[in-house]
*Asks:* 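Questions regarding the structure given below will be posed in turn.
Source: prediction; values computed, not measured. When reading the values below, keep in mind they use all heavy atoms of this one structure, side chains included, and skip hydrogens, waters and symmetry mates. In this chain, residues are counted from 1 in sequence order. Just follow the structure's listing: the first ligand is 1, and inside any ligand the first atom is 1.
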Amino acid sequence: MKILVINGPNLNLLGEREPNIYGGDTLDSINAELRDKAEKMGHELSFFQSNSEGALIDALHASRLDCAGAIFNAGAYTHYSYALRDAISAIKIPVVEVHLSNVNSRDEFRKTSVIAPVCIGSIAGFGKYSYHLALDALDNRLRSAGENK
Ligand code: DQA
């Protein structure tokens, strides 16, 4: 199945951005590892990153036409973007919320996720493995949805 991996603002700087918090891997290397894992599971990943809220909304809208699900790290938009929340809720395909860092152990404002209620689940705190865990969770959900058809 086709799955979209979406990354929001400042995640293009992974590798050089606060490596003590986000790790030393670049987004390209995280994506490449994830693509290998997905291939073994029989899924095809597509990747999108933007620092703009509107572009992220457009990517979510487009994914509803050809993707079975999405893995989404909305960056700081997580904490306040009702527009992204509405986009996730509008598209109906399952979306897994992901964060590299443990957002609950950091600044107070990071403890709120306005997108969490419209995602099927949230994974945070495992560095790049948060994306791997999200892929496992989405794979599980898509398989059980297929079995129940
Ligand atoms: C992040 C956590 C957010 O609070 C932050 O604004 C980010 C990255 C994470 O992956 O840990 O940009 O989503």
*Asks:* Any side-chain donor paired with an acceptor under 3.5 Å for Tyr131 and Asn31?
*Replies:*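 There is no such pair between these side chains.
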*Asks:* Side chains of Ser113 and Glu97: do they bring a donor and an acceptor to under 3.5 Å?
*Replies:*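 Judged by distance alone, the side chains do pair up.
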*Asks:* Write none if no such pair exists; otherwise list each N/O atom of ligand 1 with its protein N/O partner under 3.5 Å and the distance.
*Replies:*
unit_1   : atom_1 : unit_2 : atom_2 : d
ligand 1 : 4 (O)  : His79  : NE2    : 2.7
ligand 1 : 4 (O)  : Arg110 : NH1    : 2.8
ligand 1 : 6 (O)  : Ala76  : N      : 3.1
ligand 1 : 6 (O)  : Arg110 : NH1    : 3.1
ligand 1 : 10 (O) : Asn73  : ND2    : 2.9
ligand 1 : 10 (O) : Leu100 : N      : 2.8
ligand 1 : 11 (O) : Leu100 : N      : 3.3
ligand 1 : 11 (O) : Ser101 : N      : 2.9
ligand 1 : 11 (O) : Ser101 : OG     : 2.6
ligand 1 : 12 (O) : Arg17  : NH1    : 3.1
ligand 1 : 12 (O) : Arg17  : NH2    : 3.0
ligand 1 : 13 (O) : Asn73  : OD1    : 2.8
ligand 1 : 13 (O) : His99  : ND1    : 2.8

*Asks:* Under the criterion side-chain contact (heavy atoms from CB on, under 4.5 Å), which of Met1, Lys37, His43 is the partner of Asp139?
*Replies:* His43
*Asks:* May I ask you to decide whether Asp36 forms a salt bridge with Lys40, counting only side-chain N to carboxylate O separations under 4.0 Å?
*Replies:* no
*Asks:* Using the six-membered ring wherever Trp is involved, compare the ring planes of His79 and His99 and label them parallel, tilted or perpendicular (cut-offs 30° and 60°).
*Replies:*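 Because their plane-to-plane angle is under 30°, the rings of His79 and His99 count as parallel.
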*Asks:* How about Asn51 and Gln49: does a side-chain donor come under 3.5 Å of a side-chain acceptor?
*Replies:*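 Distance-only check passes for Asn51 and Gln49.
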